[in-house]
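One-based numbering along the sequence shown. If you're wondering where the values come from, they're calculated on a predicted model, not measured in any experiment.
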Amino acid sequence: AILLLPLSVLGALFLEQSASMPSPYGAESAIFFVQTNPGWQLAAFAFVLLAGRVSALRAMLSRKPLVAVGIASYSIYLVHEPVVTLLQSRLQLPLAQSMLLSYGAALAVGFAFWALFERVWTSGPLKARAVAFMEPRIARAAQTLEIPLHVPFWEAPLTQTATAAPQCESAPV
């Protein structure tokens, strides 16, 4: 991972020369990295590997503000693009200030979305009420459609001896 990270970043930067991403203004812009650039994906993978192995990096990533961003990351991901696009299309500021303000707002809106919606539905009494309401209805629908409620992801171990002949049950067609 220590070699993979710098090599993948270099590869990503090399590939970046031939890739660009539309800006909110409709023109091509090389300011943002292209998310399909495999170099950046490989660099992110190497970073995750390093974070698990290097105690100083793990300690840095364990700081409360970064943990908070990690907890709210899905909500931030969901709202960041429309917030950034909306603000950058309306702000009449230099690029650096526009980016700083729009991405800061996206973080704030993402945290608000997490607090008001995601957290409410993933834990607490609202989730419990929703599950209690839906569970019997899903069970009835599954029974009506003859769908098993619990599907094993692996076969149960054989209880027969190796020399015993397998038992076949005939099922109606």
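Two different hydrophobic clusters hold Leu78 and Ile71 under the rule that ILVMFWY side chains link at heavy-atom gaps under 4.5 Å. Hydrophobic clustering, with ILVMFWY side chains joined whenever heavy atoms are under 4.5 angstrom apart, groups Phe113 together with Leu116.
Residue pairs satisfying the side chain to side chain donor-acceptor pair (under 3.5 Å) criterion with at least one member in residues 50-61, sequence neighbours excluded, are absent.
Gln143 meets the side-chain hydrogen bond (donor to acceptor under 3.5 Å, both in side chains) test with no other residue; sequence neighbours excluded. Listed by chain and number, the residues in a side-chain hydrogen bond (donor to acceptor under 3.5 Å, both in side chains) with Ser75 are Glu118 (sequence neighbours excluded). With sequence neighbours left out, the side chain to side chain contact (heavy atoms under 4.5 Å, CB included) criterion links Gln92 to no other residue. Applying the ring-ring contact (aromatic ring centres under 6.0 Å, His included) rule to Phe47 yields no partners; only residues at least two apart in sequence or on another chain are considered. For Arg140, the side chain to side chain contact (heavy atoms under 4.5 Å, CB included) partners are Pro136, Arg137, not counting sequence neighbours. With sequence neighbours excluded, no residue satisfies ring-ring contact (aromatic ring centres under 6.0 Å, His included) with Tyr77.
Side-chain contacts under 4.5 Å among hydrophobic residues (ILVMFWY), followed directly or transitively, place Leu126 together with Val120, Trp121. In the hydrophobic clustering, Ile138 connects to Phe133, Met134, either directly or through intervening members, whenever side-chain heavy atoms lie under 4.5 Å apart. Taking a 4.5 Å side-chain heavy-atom cut-off between Ile, Leu, Val, Met, Phe, Trp and Tyr, the cluster of Ile76 extends to Val69, Leu107, Phe111. Side-chain heavy-atom separations under 4.5 angstrom define the hydrophobic clusters, and Val48 shares its cluster with no other residue.
Residue Ala105 comes nearest to Leu87 through the heavy atom pair CB-CD1, 3.4 Å, listed as atom of the first residue, atom of the second, then distance. Here the closest heavy-atom approach between residue Ala115 and residue Arg119 is recorded as O-NH2, 3.6 Å. For Ala51 against Leu61, the heavy-atom pair with the smallest separation is CB-CD1, 3.6 Å.
We find the CZ-OG1 distance between Phe117 and Thr122 to be 13.0 Å, quoted to the nearest 0.5 Å. Of the inter-residue distances, the one linking Leu49 atom CG with Leu57 atom CG reads 11.0 Å to the nearest 0.5 angstrom. Expressed to the nearest 0.5 Å, how far CG of Leu91 lies from CG of Leu93 amounts to 5.0 Å.
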Could you pull out every donor-acceptor pair under 3.5 Å between side chains of residues 2-15 and any protein atom, sequence neighbours left out?
unit_1: Ser8; atom_1: OG; unit_2: Leu4; atom_2: O; d: 2.7
unit_1: Ser8; atom_1: OG; unit_2: Leu5; atom_2: O; d: 3.0
unit_1: Ser8; atom_1: OG; unit_2: Ala43; atom_2: N; d: 3.3

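In this structure the side chain of Gln88 reaches within 4.5 angstrom of the side chain of Tyr103, judged on heavy atoms.
Remark: the backbone N or O of Met99 is paired with a side-chain donor or acceptor of Ser102 at under 3.5 angstrom.
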